[in-house]
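Whatever order the structure lists ligands and atoms in, that order sets their numbers, starting from 1. FYI, side chains are in, hydrogens and waters are out, and symmetry mates aren't considered; it's all heavy atoms of this structure.
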Amino acid sequence: MTLQEKDLKYIWHPCSQMKDYEKLPPIIIDHAKGVYLYDTDGNKYIDIVSSWWCNLLGHCNPRINMAVKKQIDKLEHVIFANFSHETAINLCEKLIKIIPKGLSKFNFSDNGSAAIECALKMSFQYHYQTGHSEKRRFIALSGGYHGETIGALSVGGVDLYSQIYRPLLLDTIRIDAPDCFRCPYGQCRDECDAECFEKALDTIKAHSHETCAIIAEPILQGAAGMMIYPPVYLKKLRLACTEYKIHFIADEIATGFGRTGKMFACEHAKVTPDIMCISKGLTGGYMPMAITITTEEIYDAFYADYSEGKAFMHSHTYSGNPLACSAALEVLKIFEEEPILKNAQENAVYLNNALKSVFSDFSHIGEIRHIGLINAIEITGFEPSKRIGYEIYKNALKNGLLLRPLGDVIYFNPPLSISKEEIDKAVEICIKSVKQTI
Ligand SMILES: *Cc1c(COP(=O)(O)O)cnc(C)c1O
């Protein structure tokens with residue numbers, strides 16, 4: 001049996017209709033370096049989606065590799081209740097310097113969805129323990145994505161992932177996310193005053209007595225199709241949360257660590273959330289780790305004599321895993337010592353210009369939107385059943401580019417370390433693949 005046949009014998013791949021694999025078998029990656037993945041047949045692919053938005057500084061980054069190697073010979077894992085280790089402590093000390101001011105308590109888990117569950121429970125329990133047990137619902141944006149566990153799906157708004165499970169989900173209050181491409185107010189993203197927030201505010205007011213938190217992906221709704229909305233919307237959302245005593249949970253899992261051109265997307269609006277979830281780029285894309293970060297004020301509502309029963313009895317076996325912490329700590333050292341963010345900002349402009357110029361006279365392009373190195377190209381005018389995004393993806397693979405789409409939106413979300421030459425190559429393969437398909 002070939003490796004591919006064995007794979008299909010055993011493995012149920014994530015987010016896949018396995019029958020599709022009859023025509024497009026799994027690509028077995030042998031090794032990777034920088035932005036390139038190399039398969040067992042000798043083909044190479046530019047990983048323009050950062051292996052699901054997590055690889056941050058290139059595959060097999062020498063510095064991160066070394067940090068993890070050092071850690072593994074010292075301490076691979078230890079229980080995190082009542083025990084700790086220096087790498088986790090150093091990581092928090094570095095994180096606190098770069099996260100929005102006011103956030104200072106770190107609760108570790110091992111994937112993004114788990115960090116969201118943690119945030120929802122934390123907010124609920126805070127209100128319960130401060131005399132507001134009636135505040136027990138969540139408000140979330142349409143099109144939001146927060147992960148796949150039941151709580152995270154409940155606040156998510158992408159039907160593709162949640163529809164079937166609806167009978168199992170929490171009764172979430174929904175507000176319309178800004179849709180700047182098809183703005184119902186006829187405004188444009190760069191100049192508007194978030195007129196669309198007025199309607200959201202009505203909903204927030206009407207439900208404030210029963211709401212513990214509003215959760216949102218700041219500035220960029222990833223899974224919705226890399227939808228970008230203006231900072232002024234986020235500012236207004238933050239103000240409303242403060243006014244109506246509702247926590248603002250910022251899901252920075254996809255946007256954190258420079259993806260949008262700032263270290264965290266909340267910085268675009270200069271807001272501090274009450275709770276912030278980070279994962280994905282946190283470890284450079286090396287290890288499953290996430291952190292739910294919050295304020296002293298929320299932390300204090302859980303701090304009491306044991307007998308009062310106020311502790312946050314939430315845990316994950318692999319909380320604070322030292323190997324993951326060692327990767328994350330090295331990522332932050334690299335940010336401190338190398339001009340990663342500055343280079344990424346420069347290359348972001350370069351990439352956007354390159355895409356705009358090759359697609360400028362192309363029909364079927366709805367919008368090319370971008371923030372930081374993230375660029376989304378919305379293909380319009382095709383029936384969803386044509387799966388045009390998927391067809392482009394298959395052609396791009398043949399041409400050496402991993403361009404996994406979101407429906408009919410194809411996008412670039414490369415490692416921040418991508419070079420101009422690699423950008424040129426990726427853009428060239430992208431346009432070639434689109435032309436072969438449409
Ligand atoms: C990926 C993602 C999650 C879920 O993280 P997992 O590690 O896949 O569970 C949550 N929110 C956002 C915004 C994400 O992009």
Check your understanding: Regarding K105 and the six-membered ring of Y299, is the cationic atom NZ or CZ under 6.0 Å from the ring centre and inside 45° of its axis?
Key -> yes
Review point. Using 30° and 60° as the class limits, which term best fits the ring planes of Y128 and F124: parallel, tilted or perpendicular?
Key: parallel
Exercise for review: Scan residues 81-106 for pairs that pass ring-ring contact (aromatic ring centres under 6.0 Å, His included), counting only residues two or more places apart or in two chains.
Suggested key: F80-H85
Show me the side-chain donor-acceptor pairs of residues 192-200 shorter than 3.5 Å, one per line, residues at least two apart or across chains.
| from | atom 1 | to | atom 2 | distance (Å) |
| --- | --- | --- | --- | --- |
| E195 | OE1 | D193 | N | 3.2 |
| K199 | NZ | D176 | OD2 | 3.0 |

Review point. What about H364 and F382, are their ring centers closer than 6.0 Å?
Key: yes
Practice item. Among residues two or more places apart or on two chains, list those pairs meeting ring-ring contact (aromatic ring centres under 6.0 Å, His included) that have a residue in residues 149-184. Key: Y145-Y161
N/O pairs closer than 3.5 Å, ligand 1 and protein:
| from | atom 1 | to | atom 2 | distance (Å) |
| --- | --- | --- | --- | --- |
| ligand 1 | 7 (O) | G112 | N | 2.8 |
| ligand 1 | 9 (O) | N111 | OD1 | 3.4 |
| ligand 1 | 9 (O) | S113 | N | 2.8 |
| ligand 1 | 9 (O) | S113 | OG | 2.5 |
| ligand 1 | 11 (N) | Y145 | O | 3.4 |
| ligand 1 | 11 (N) | D251 | OD1 | 3.4 |
| ligand 1 | 11 (N) | D251 | OD2 | 2.6 |
| ligand 1 | 15 (O) | K280 | NZ | 2.5 |

